[in-house]
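To keep things clear, I will list the structure first and then write my remarks on it.
Below, all heavy atoms of this structure are taken into account, side chains as well, without hydrogens, waters or symmetry copies. Owing to the predicted nature of the structure, the values given are computational and were not obtained by experimental measurement.
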Amino acid sequence: MVLIKGLVILFLCTTSLVHSQKDDWWKSATIYQIAPLSFKDTTGDGKGDIQGIISKLDYIADTGIEPFHAKMRLGSIDVILVSPFFQTQMIDFAYDISNYIEVDSIFGTMQDVEELFSKAKAKGLRVILDFVPNHTSNKHEWFIKSEVGTDGYKDFYIWHDGAKQINEGRNLPPNSWQSEYGGSSWTWSPMREAYYYHKFAKEQPDLNLGEELVVQKLNEVLKFWLDKGADGFRLDASSQLFEDPSFLDKPDKMNDLPQTYELIERWRKFLDDYSQTESKILIPQIWNAPIDDLMRYYVSEDGTQRAQVPMNFMLINELNKNSTASDYKRVIEKYLNALPTGAIANWFLGSHDHNRVASRMGRDRIDGLMILLQTLPGISFTYYGDEIGMEDNMDISWEDTVDVQACNADKDSYQPLSRDVARTPFQWDTTENSGFTSGKSWLPVHSGYVENNLESQMSANKSHYKLFKELTALRKNATLALGDIEIKVLGNNTLAYSRTYEKVSYLIVINLNNQTEVVNASGFKAKLNEESKIRIASTNSKHEIDEIVNLSNLQLTPYDAIIIEYYSSATKVTLSLLAVMMIIIKIFL
Ligand code: GLC
């Protein structure tokens, strides 16, 4: 029996499923971002921790490889991207690091992190860490030494005497550059009698990455975490890694400077040299770069490899509640058409810096957008909680607000700036604090958790979560991983695209309207015909799974989103044979 099982798995792996060459593990991955502080608390201090993530690994990994499921479901999330858990003063959601190779006691211990690596790997999950090379905390040993002028550390940060005042007194800041969180990006150090530069909070001084020793120290940090088992790194605030050395008020460029690309080339080489057998990936956070600058993060003009996955925030930055199907088509094609040859696309609908997708784009659209995210070519990133359609918590009072960006504003203006709204605890179940903590939660749990939580969605007949799971499983199919894409706008406001690879095609149809549409979806190059079947449908859809649809007269209720599947006759025969084989095996097992 073991032999037959093995043969079936082999068969599956060599037919419609993605070939899992070692080096290709990331190319169509489903990556799940976890903010440890808000995921699951196991100590009762109201803050999430590493043991909390470990306790939920089964949820994340789902049931792992399950080729005997009726729909040949093959696992789900592939990778967890864990936001910072290193030693921190917690000024900026742990993005102010005072020791890169220590685990902050809020989150647990190094032993916990080692356990996370080993347990995640045992469940087939990769682990990517958040690396913050742009700045440290002002409590980092390097800054403390730099501020007092200790030999070897003097130039670790960006120091400037400032602009001379005509009158007596302290020099003025060197220029008018503003911090992301408001106010000058220069802070005076009375100790050093100079200004230091900080793109973010004043407690987050920018490292001087032009200084070789700094890069070497950061490389040691990378090596430390690679040795522990990291599969790659998100590179925080990559666009801002370097500043224009002229220090002019209005330099030609503030972000994505040429030195940034060179450093990323170095880090890519560093990772490639570290492991010859398996890719370690780099995911630079590119905030809102012009498309050409974004594409430069992949590869240099002379072909030198840079990052495998420069973050693409275009679905967030360029689309909103009012966007039409034509806007979606334009944005997706702009990105795909600009990709360098061989580059892998990636897509985001949310992160810890953005409003929740369900709130930004409207609750009714969440299924359609998840279908979009999981069926576009390349890598998908899902921010924790988006799989159940968590919404922004707009009830966080000024007193409860902790996001530095909001705290730098005032009581009347903090709310639109606050990222806390999208950082609230995961809504696990209906118990107090949504099952996140037995203590007092560090941020208020969304009051809607009793209706909207994972447990309820798991037991419901249809739910956002169930849809996400189906989608995540379907992504393992070679057509979604490797297939071509053809995009059309149908009817008034329906986005439709086909994905085709060898003998299997999918047609994804998303009605962005609040009205019923009847569209003709028969004009795609992919060989779809009237025998096409519904494979996946949004929770509000009137369509049924396995229903045969007429492509030239497809009815879509408001916000309906469906995936239609077509197999060529040859594939159908193979799959029928496979189904028969599986029934026989089940009888004998
Ligand atoms: C990045 C992070 C953001 C943080 C900032 C400073 O933009 O995503 O959350 O505040 O860097 O580290």
[X] bridged to [Y] by N-O distance under 4.0 Å:
X	Y	value
Asp49	Lys40	no
Glu387	Lys466	no
Asp386	Arg356	yes
Glu262	Arg266	no
Asp293	Arg296	yes
Arg306	Glu265	yes
Arg170	Asp161	no
Arg234	Asp236	yes

Relative to the ring of [Y], is the ring of [X] parallel (under 30°), tilted (30 to 60°) or perpendicular (over 60°)?
X	Y	result
Trp398	Tyr414	tilted
Phe85	Trp225	perpendicular
Tyr465	Tyr59	tilted
His135	Phe200	tilted

Below 4.5 Å, heavy atoms only, C-beta onward: do [X] and [Y] meet side chain to side chain?
X	Y	answer
Glu180	Gln240	yes
Lys154	Asp151	yes
Val79	Tyr32	no
Thr136	Ile97	no
Leu263	Phe242	yes
Met110	Glu102	no
Asp367	His464	yes

For [X], enumerate each residue passing the side chain to side chain donor-acceptor pair (under 3.5 Å) test, keeping only those at least two apart in sequence or located in another chain.
X	value
Ser441	none
Glu220	none
Tyr297	Asp256
Trp142	none

With distance as the sole criterion, is a donor-acceptor pair present between the side chains of [X] and [Y] under 3.5 Å?
X	Y	result
Asp92	Tyr181	yes
Gln87	Asp104	no
Ser351	His354	yes
Asn317	Trp287	no
Glu455	Gln427	no
Glu115	Gln111	no
Trp442	Thr437	no
Ser456	Glu451	no
Glu391	Ser359	no
Gln33	Ser83	yes
Gln178	Ser184	no
Gln457	Asn452	yes
Tyr95	His352	yes
Asp353	Gln285	yes
Thr43	Asp41	yes
Ser189	Glu147	yes

Roughly how far, to the nearest 0.5 Å, is the [atom2] atom of [Y] from the [atom1] atom of [X]?
X	Y	atom1	atom2	answer
Leu218	Leu207	CG	CG	6.0 Å
Tyr153	Ile144	OH	CD1	11.5 Å
Met311	Ser238	CE	OG	7.5 Å
Thr109	Gln51	OG1	CD	7.5 Å
Leu376	Ile371	CG	CD1	11.5 Å

With Asp364 via side chain to side chain contact (heavy atoms under 4.5 Å, CB included) - residues at least two apart: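 Residues passing side chain to side chain contact (heavy atoms under 4.5 Å, CB included) with Asp364: Tyr559.
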Validation row, ring centre [X] to ring centre [Y] under 6.0 Å:
X	Y	answer
Phe348	Phe313	yes
His160	Tyr197	no
Trp186	Tyr157	no

Six-ring centre of Trp25, Arg126 cation under 6.0 angstrom, axis tolerance 45°: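 Judged by the rule, Arg126 and Trp25 form a cation-pi pair.
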Ring-face cation contact, Trp26 with Lys280, 6.0 Å cut, 45° max: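 Checked: cation-pi criterion not met.
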More than 12 heavy atoms of other groups within 6.0 Å of Lys47 NZ: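 No, the 6.0 Å shell around NZ holds no more than 12 heavy atoms from other groups.
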Greater than 12 external heavy atoms within 6.0 Å of Lys269's NZ: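 Atom NZ in Lys269 is not packed in, count stays at 12 or less.
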Qualifying salt bridge (charged side-chain N to carboxylate O under 4.0 Å, His left out) pairs, either residue in residues 392-404, two or more places apart: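 Residue pairs passing salt bridge (charged side-chain N to carboxylate O under 4.0 Å, His left out), neighbours aside: Glu399-Lys411, Asp403-Arg419, Asp403-Arg423.
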Residue that, paired with His198, satisfies side chain to side chain donor-acceptor pair (under 3.5 Å) out of Thr187, Asn134, Asp206: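 Only match with His198 under side chain to side chain donor-acceptor pair (under 3.5 Å): Thr187.
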Check: Asp231 side chain, Ile128 main-chain N or O, donor-acceptor pair, under 3.5 Å: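 No: the side chain of Asp231 does not pair with the backbone of Ile128.
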Polar side-chain atom of Asn393 near backbone of Thr424 as donor-acceptor pair, under 3.5 Å: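 No; zero donor-acceptor contacts below 3.5 Å.
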Closest non-hydrogen atom pair between Tyr100 and Pro133, with its separation: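 Looks like OH-CA, 4.3 Å.
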ring-ring contact (aromatic ring centres under 6.0 Å, His included) between Trp188 and Tyr196, intermediate numbers included: CA-CA 7 Å; Trp188 178 256; Tyr196 65 87; over 10 Å; no
Chi angles and distances behind the ring-ring contact (aromatic ring centres under 6.0 Å, His included) call for Trp428, Phe39: CA-CA 9 Å; Trp428 295 105; Phe39 201 58; 5.1 Å; yes
